[in-house]
Structure formats: C-alpha cells, structure tokens
Amino acid sequence: MTKLSVNINKVATIRNARGGNNPDVEKVAVDCETFGADGITVHPRPDERHIRYKDVYALRPLLKTEFNIEGYPSDEFIDLVMKVKPHQVTLVPDAPDQITSNSGWDTKTNLGFLSDLMDRFGEAGIRTSIFVDADVEMIEYAARAGADRVELYTEPYAAGYKKNPDEAIAPFVEAALAVRKMGMGLNAGHDLSLENLEFFHRNIPWLDEVSIGHALICDALYLGLKKTIEEYKNCLL
C-alpha cells in the first residue's frame, strides 16, 4: 500500500502570516492522522518562514503515524534530526533562499557527503531518503551512498501531465524500475495533486510513499481537510 504523508508547511505559513497560533499546526497534524493520513512531513528552513524548529520538537511526541523531516543537511538541521529521531529523514539540496525544492541531488558529485550522512542517520535508526530527479545515474549513486529510499522529484511529471500523460510518466517509470532493481524503497513528491496522482500511482503501484502539501492544502480550502485526505487516499488504492 502506498502511504500518504501530508506536508503541513503551508499550514504553518498561514499561521506565521498573522502571528499567534491560528491555525494550530499541532492540532492540524493530529487531525490529519485522524482523517487517515499515514504520516506527517515537515520541511524546516533556516529562516523558519513556515515550520519552525520548535514546531518539530513539539510535534514528535504527538504523532502516532510516521514522521518525516525533510531539508538541506546543514549542521543545524542534522542536529535537529538527531535529537528528534523521526522515522525518516529526506535530504534535499535546497539553498537557504529557495522558495521550494526544484531539483534533485547530484548524487555523483556529492557521493562522499551523502554517504557520511547515510551512515550517521542509519546508525541512529532513522530511515534515509534522498531527493532525486528521474535520472537513473543519480539513482545509482544514491544507492551507492547507502540510501534506504529515494524520493523522485515529480514537478516535471506534473508539468507535462496535461499535455501528454504517457510521455510525462515514462521517465518516472524507468526511474522507478531502476530504484526497485537496486533494492531501495521509493517515495515521490512535488506538485502531485488530485488531478495527476491516480495516474502516477497506477503506472508505479509499488510506490512506498507520496508526500503532498501545497496542492492538498489548496484543495482543503474547498473540500475540507477530512474530505481532501480521503480523496487523496482514494487515488492510492
């Protein structure tokens, strides 16, 4: 079964826009679990423009499903992950000022750096995932680094889906087959939505997890959070 991890960064963005604690990020995370989410994802950035480091510490004891922390492995981020010990850490190659993640790792160039991190997190009992493009060579080097999983960066698929779904999915099927051949788990995320998720999952049914935030929160404005999570879960049946 493919799990749905809800990224709650956008909830924190709304809260931070006015100060105070409305919406309550902790309550939303717990409610997402109650409504059927299989996990919660957070992506703390250095400027704390959405999820704050203190949010991550507060969420850990509240969550009953899988907790995934994603981000660039700065010293501060590594220290956070080692203290919180989430179920999974997803490493992304974000610069501090990036609005959102928009590319995967060059795992070949960064092999030594990533290998050291895989060892460190693995020794702490934290499952590791590396954010990569649908590029077989980058996947091969993620495997060499010792990653438990990779997360495919799916924005190119989402961008091409409306024009030609079969053409858009093709490189991702090839990448997913390579991941399976190399014995790693497979996650996916970025711009997946109710429009394109079912087709993606139908073509790659062995996905372990999708992490979805922006589109899901946008849909919840119209459908409500409970109904939205149900609809996303239906795409993964």
Side-chain angles (χ1 to χ4, degrees), residues 1-9 12 25-26 29-30 32-33 37-48 50-96 98 101 104-132 138-153 179-180 182-190 207-213:
M1 183 187 75
T2 302
K3 294 182 177 180
L4 171 66
S5 185
V6 176
N7 186 319
I8 59 170
N9 274 25
V25 168
E26 295 170 32
V30 172
C32 285
E33 292 185 318
D38 303 297
I40 299 296
T41 291
V42 294
H43 186 152
R45 287 185 165 88
D47 61 6
E48 297 193 317
H50 31 62
I51 286 292
R52 298 166 179 158
Y53 274 48
K54 68 178 182 180
D55 293 328
V56 182
Y57 289 109
L59 285 165
R60 185 64 178 97
L62 300 177
L63 300 179
K64 296 180 173 60
T65 59
E66 286 203 351
F67 193 23
N68 172 47
I69 302 177
E70 63 181 30
Y72 179 80
S74 63
D75 290 342
E76 186 178 19
F77 179 86
I78 294 169
D79 182 63
L80 172 74
V81 171
M82 294 298 287
K83 287 178 178 176
V84 173
K85 288 188 169 55
H87 300 90
Q88 178 175 267
V89 59
T90 301
L91 303 186
V92 297
D94 284 356
Q98 274 184 241
S101 306
W105 282 95
D106 181 340
T107 51
K108 184 176 182 179
T109 300
N110 293 283
L111 179 61
F113 176 60
L114 292 170
S115 296
D116 290 344
L117 291 169
M118 297 304 99
D119 289 342
R120 185 170 180 182
F121 291 134
E123 289 170 3
I126 303 167
R127 185 173 68 235
T128 54
S129 179
I130 297 177
F131 195 63
V132 295
M138 294 301 103
I139 291 166
E140 289 173 350
Y141 276 90
R144 291 190 192 187
D148 297 311
R149 295 185 182 181
V150 297
E151 178 174 333
L152 295 180
Y153 168 54
V179 173
R180 185 165 65 173
M182 293 173 204
M184 292 185 291
L186 179 63
N187 299 340
H190 202 91
L207 271 169
D208 289 297
E209 173 189 292
V210 292
S211 175
I212 304 177

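- Between Pro86 and Ile69, the closest heavy-atom pair is CG-CD1, 3.7 Å.
- Between Asn187 and Phe131, every side-chain heavy-atom pair lies at or beyond the 4.5 Å cut-off.
- Remark: side-chain polar atoms of Trp105 are paired, donor with acceptor, to backbone N or O of Leu91 under 3.5 angstrom.
- A donor-acceptor pair is defined here as one N or O able to donate and one able to accept, closer than 3.5 Å; such a pair exists between the side chain of Arg60 and the backbone of Lys85.
- A heavy-atom distance below 4.5 Å is found between the side chains of Ile8 and Val25.
- The only member of Leu63, Val6, Leu4 that meets side chain to side chain contact (heavy atoms under 4.5 Å, CB included) when paired with Cys32 is Val6.
- Annotation: the span from Met182 atom CE to Glu140 atom CD amounts to 4.0 Å, rounded to 0.5 Å.
- With hydrogens and angles disregarded, no donor-acceptor distance shorter than 3.5 Å links the side chain of Thr128 to the backbone of Ala147.
- In this structure, Glu26 contributes its side chain and Ala58 its backbone to no donor-acceptor pair below 3.5 Å.
- In this structure, Thr2 and Asp208 have side chains that are not in contact, with every pair of non-hydrogen atoms separated by 4.5 Å or more.
- For Lys83, the side chain to side chain contact (heavy atoms under 4.5 Å, CB included) criterion is met by Tyr57, Asp79, not counting sequence neighbours.
- Between the Asn9 side chain and the His43 main chain, a donor and an acceptor come within less than 3.5 Å of each other.
- Atom CD of Glu48 is separated from atom CG of Asp55 by 8.0 Å, given to the nearest 0.5 angstrom.
- With sequence neighbours excluded, the residues forming a side chain to side chain contact (heavy atoms under 4.5 Å, CB included) with Ser74 are Tyr72, Glu76, Phe77, listed by chain and number.
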